[in-house]
Amino acid sequence: MVEVLPPGMKRKAFPFQAYKAEGVKKRLEELFHGKCAYCESLYASQAPVDVEHYRPKGRVKDEHAHPGYWWLASEWTNLLPSCLDCNRRRKQAVPTITGDLSVLHAGMLTGKQDSFPVLGTRATEELDDLASERALLLDPTRDDPDEHLSFWLGGDRAAGLVYPARSGGAAAGPLILPAVVEDAATIGNHASAAGVSVRGAVSIQVYGLNRLRLVQERARLLQQLRFLESVLLDVSEVSRDLAAVNVTVARQELTDAADRLDRLQRRILDQMQSLAAPTAPHSAIAREYLRDFRNRIASLPPA
């Protein structure tokens, strides 16, 4: 039963403490490799971790009568490590897409804080069915982000932006909004009309996954991957040319040179794959880049 307070009276916040224990923070850091559960940044290089509640513990944004999901305040399945910018709501510089696909930078309120938009029936008591809420925010411990999010891999100004995916995880391209939109319901309506993941679109805005600095970090990672790809392809071409050329060099020397080039190719591939490892920052965009790279290699004619 939700407690109804007299008009103008605010509910006193309960001083939750258990989730703040150092042991909890340490274990979350181990489970998530020192990365923010939402944006994949290495938060330790910026600030101490925020122990974040997927379902907010003390209140819910825009629902003043809701007491928050107090019964989940110390539940492991509701705790996530978060960087300050994903967890705390404040104004951020966010790239936005205009009708001609040019990129602008606008000030926008992002950060989850006590936001938790749902489509279904909101739970208000401990025994309520959480699944019936149909949460609009992605839970990185239960949802596969690749089904809802896609990254812009091009070398233009939009490189590094994250977009809501179409059904099946395909890239949707820019979701164009009529203005800088901060309301989850409005974003959800636009996403639904565009045929893209509603949960992906809402999560991008609420978590602030297109904050300018985040986009710049992902763009730098893409630049590194492009460089490694170009070196790998150059080495591969030299290796093929070496195998085909008819020169008066001892066969063993040719074999040794080819082996060295093969080892160099493997080292470059290993380096590219390491950027997509779970322990690496922004590994999701690196994984998508490598999938795209494999598809491009597979489509090349045989040498």
Side-chain angles (χ1 to χ4, degrees), residues 32-42 95 97 101 103 138 140 143-175 195-197 200-201 203-204 209-244 257-303:
F32 288 84
H33 312 295
K35 298 194 298 184
C36 172
Y38 298 129
C39 74
E40 290 195 291
S41 292
L42 291 171
I97 306 296
L101 300 187
V103 180
L138 297 175
D143 299 309
D144 182 358
D146 290 346
E147 295 180 0
H148 302 275
L149 304 175
S150 188
F151 295 93
W152 190 258
L153 304 179
D156 52 22
R157 294 176 63 204
L161 283 171
V162 59
Y163 295 116
R166 294 194 189 280
S167 177
L175 173 62
V196 299
S197 170
S203 296
I204 289 168
L209 299 184
N210 273 333
R211 301 189 301 270
L212 181 58
R213 289 183 180 178
L214 265 183
V215 174
Q216 291 171 335
E217 286 182 23
R218 293 194 293 254
R220 282 192 289 269
L221 176 58
L222 287 175
Q223 188 175 24
Q224 184 178 1
L225 283 163
R226 289 192 199 99
F227 169 74
L228 290 169
E229 177 186 335
S230 68
V231 174
L232 178 65
L233 295 178
D234 285 345
V235 170
S236 178
E237 184 176 352
V238 172
S239 181
R240 289 196 302 272
D241 291 345
L242 185 60
D259 287 345
R260 289 172 63 187
L261 287 171
D262 287 343
R263 287 196 296 273
L264 181 56
Q265 287 184 76
R266 287 195 292 271
R267 288 175 60 188
I268 296 170
L269 277 173
D270 288 344
Q271 178 64 24
M272 295 176 76
Q273 290 170 346
S274 73
L275 298 174
T279 54
H282 311 296
S283 56
I285 191 171
R287 287 196 306 273
E288 184 159 333
Y289 184 94
L290 290 179
R291 284 195 296 268
D292 178 71
F293 178 44
R294 283 193 293 269
N295 291 337
R296 286 186 280 114
I297 291 294
S299 66
L300 292 175

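These figures come from a predicted structure and were not determined experimentally.
When side chains are defined from C-beta on, F293 does not count as touching L228, because their heavy atoms never get closer than 4.5 Å. Using a 4.5 Å heavy-atom cutoff, the side chains of I285 and Y289 are not in contact. In this structure, the side chains of L153 and L225 stay at 4.5 Å or more apart for every pair of heavy atoms. Counting only heavy atoms from C-beta outward, the side chains of Q224 and Q271 approach each other to under 4.5 Å. At a threshold of 4.5 Å between non-hydrogen side-chain atoms, the residues H282 and S41 count as touching. R267 places none of its side-chain heavy atoms less than 4.5 Å from the side chain of V235. Contact of the Q265 side chain with the D262 side chain is registered, since non-hydrogen atoms from C-beta on lie closer than 4.5 Å. Annotation: side chain of V162 is not in contact with side chain of L214 (no heavy-atom distance under 4.5 Å).
In this structure, L212 CG and E217 CD are separated by 10.5 Å, a value rounded to the nearest 0.5 Å. L269 contributes atom CG, which lies 4.5 Å from atom CG of L232 (distance to the nearest 0.5 angstrom). Residue F151 holds its CZ atom at 8.0 Å from CZ of R287, rounded to the nearest 0.5 Å. Here the straight-line distance linking atom CZ of R266 with atom CD of Q273 works out to 12.5 Å at 0.5 Å rounding. The CG atom of N295 sits 11.0 Å away from atom CG of L290, with the distance rounded to the nearest 0.5 Å. Atom CG of D270 and atom CG of L275 lie 11.0 Å apart (nearest 0.5 Å).
Residues S274 and A280 come closest through the heavy atom pair O-CB, 3.6 Å. Here the closest non-hydrogen pair linking P164 and A201 is CB-N, 3.7 Å. Of all heavy-atom pairs between Y38 and L209, the closest is O-CD2, 3.6 Å. F32 and A37 get closest at one heavy-atom pair: CE2-CB, 3.7 Å. Taking all atoms of both residues into account, the shortest heavy-atom contact from G154 to A159 is O-CB, 2.9 Å. Taking both residues in full, the closest heavy atoms of G160 and L222 are given as N-CD1, 3.7 Å, listed atom of the first, atom of the second, then distance.
Shown here is R291, whose CZ atom has more than 12 heavy atoms of other residues, nucleotides or ligands within 6.0 Å.
For K35 (side chain) and T279 (main-chain N/O), no donor-acceptor pair under 3.5 Å exists by modelled atom type. Using a distance-only test at 3.5 Å, with no hydrogens or angles considered, a donor-acceptor pair links the side chain of S203 to the main chain of L138. Judged purely by atom type and a 3.5 angstrom limit, D292 has no side-chain atom pairing as donor or acceptor with the backbone of E288.
For the salt bridge (charged side-chain N to carboxylate O under 4.0 Å, His left out) condition, the pairs that include at least one residue of residues 226-235, sequence neighbours left out, are E229-R296.
S197 and E147 are not linked by any side-chain donor-acceptor pair at a separation below 3.5 angstrom, with hydrogens and angles left out of the test.
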